[in-house]
Amino acid sequence: MTEQMNASSASQVSNASDRRAELLSKADIMAILRTTTIFMTTTDEALEDVADLLRPQSLAAGQLLFARGDPGDCMYIVVKGRVRVHDGERVLNDLWAGAVVGEMAILDDAGRVASVTAIEPTQLLRLDEAPFQALMDAQPEIGFAIINVLCQYLRARLRDMAQDFVYLQHIGRMTAAAAALENNSYDPASITSIADLAERYDPLGQLARAFQHMAEEVIARETSLRQQVQALIIEIDEAKKARQVAEITETDAFRRLQEKAGQWRRDRRAGSSRAAPSTVDPAPR
């Protein structure tokens, strides 16, 4: 029951918006067309013909315009409101007034590559493929203008892809440095290998600077730890030697040996004294 009431409410909002959109004059529609990238270079005469083909359509907030995989037989121009381009839960883009939605559908018969849903009450103008194709047959300059704009889209997309590729390479450098640091195979001198990334003024630059600082701290701590461990090993070795010496010197056998050695030294000194010649001259006879 609640779903029926919500559907009825959305339908009422959509119908009311459609009636408001129908009040747009031809001049208003042409002005809207001129704001779009796809028709901005089209002549006024051609725009008048295009305006005659447009039909108003409205969406309530949360209403689906089309889903990924749906047949593509028309395109839309956003007049007012906002729609979201998405693939399931993944948001691809948000589009506002003046944006064109689904323009590839007027040039091919492929299915929709993404879904579009209204984020707020939205008014659109719909352009169906069949009548527009007939108009392009009659006025080829319209098709040329659209193809030119789509080529610009493609070039921009290729530039974006090239930039994305370079960006991903930078991310790969950061990932490799982080993995090396984690595996204790990170060369301190290689901190300079991401110095160029640390000079960037974007999130990647912030990440590189944070990583450099972290790497320097980790390396400093490891160096200090190695020094402390080495000092501890030396201290342990000295203590071990002292303990071993104590274990030997504190035995009865060692004490007896010490006594015998002492007696031997005393006997030797006494024997040396008896064997020494007298240095006193003999008395005269």
Side-chain angles (χ1 to χ4, degrees), residues 14 17-59 63-87 92-162:
S14 178
S17 298
D18 285 345
R19 287 193 293 272
R20 287 195 297 271
E22 289 173 357
L23 299 178
L24 290 173
S25 66
K26 190 171 184 178
D28 292 334
I29 294 176
M30 290 179 62
I32 293 170
L33 289 174
R34 289 192 186 95
T35 66
T36 65
T37 55
I38 200 168
F39 290 116
M40 62 171 43
T41 60
T42 307
T43 63
D44 289 344
E45 294 77 8
L47 280 182
E48 289 185 10
D49 294 332
V50 174
D52 290 335
L53 301 178
L54 293 171
R55 297 293 178 265
Q57 182 171 337
S58 299
L59 299 174
Q63 187 175 352
L64 183 70
L65 180 60
F66 55 75
R68 178 180 178 181
D70 286 352
D73 56 357
C74 64
M75 59 169 276
Y76 301 89
I77 299 170
V78 181
V79 177
K80 184 179 180 181
R82 178 164 61 110
V83 297
R84 174 161 295 169
V85 184
H86 58 97
D87 184 4
L92 303 177
N93 200 7
D94 281 359
L95 302 174
W96 286 265
V100 178
V101 184
E103 63 274 16
M104 294 301 297
I106 63 176
L107 297 179
D108 62 27
D109 296 325
R112 303 291 189 183
V113 297
S115 302
V116 176
T117 302
I119 301 302
E120 56 190 58
T122 302
Q123 297 178 17
L124 309 103
L125 292 172
R126 171 177 173 147
L127 179 60
D128 289 320
E129 177 187 4
F132 188 68
Q133 288 282 1
L135 179 61
M136 287 193 295
D137 290 340
Q139 300 188 40
E141 66 273 13
I142 297 178
F144 293 150
I146 292 175
I147 290 173
N148 180 57
V149 172
L150 292 178
C151 286
Q152 293 178 21
Y153 284 172
L154 181 59
R155 282 194 294 270
R157 181 56 184 151
L158 289 174
R159 284 195 299 269
D160 290 343
M161 291 176 64

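We use all heavy atoms of the structure for the numbers below, so side chains are in, but hydrogens, waters and symmetry mates are not. Index from 1, following the sequence.
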How far apart are the closest heavy atoms of [X] and [Y], and which atoms are they?
X      : Y      : answer
Ala114 : Val85  : CB-CG1, 3.8 Å
Met30  : Leu47  : CE-CB, 4.0 Å
Gly98  : Thr36  : O-CG2, 3.4 Å
Glu129 : Gly72  : OE1-O, 3.7 Å
Gln63  : Ser58  : OE1-O, 4.3 Å
Asp73  : Arg112 : N-NH2, 4.0 Å

Can you measure from [atom1] ([X]) to [atom2] ([Y]) and round to the nearest 0.5 angstrom?
X      : Y      : atom1 : atom2 : answer
Asp49  : Asp44  : CG    : CG    : 11.5 Å
Arg84  : Ile119 : CZ    : CD1   : 4.0 Å
Thr42  : Glu48  : OG1   : CD    : 12.5 Å
Asp128 : Leu54  : CG    : CG    : 9.5 Å
Phe132 : Asp137 : CZ    : CG    : 10.5 Å
Ile77  : Leu127 : CD1   : CG    : 7.0 Å

Check your understanding: With no hydrogens and no angle check, is any side-chain donor or acceptor of Ser115 less than 3.5 Å from a backbone partner on Arg68?
Key ->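 The answer is yes, because a donor-acceptor pair under 3.5 Å joins these two groups.
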Exercise for review: Kindly indicate whether the side chain of Gln57, heavy atoms from C-beta on, has any atom under 4.5 Å from the side chain of Leu65.
Suggested key: yes
Review point. Side chains of Leu135 and Asp52: does their closest heavy-atom pair fall under 4.5 Å?
Key: no
Practice item. Kindly determine whether Phe66 and Val101 satisfy side-chain contact (heavy atoms from CB on, under 4.5 Å), including the steps that lead there. Key: CA-CA 10 Å; Phe66 55 75; Val101 184; 3.8 Å; yes
Check your understanding: After noting the C-alpha distance and the side-chain angles of Ile32 and Leu24, does the key distance pass the side-chain contact (heavy atoms from CB on, under 4.5 Å) rule?
Key -> CA-CA 10 Å; Ile32 293 170; Leu24 290 173; 4.2 Å; yes
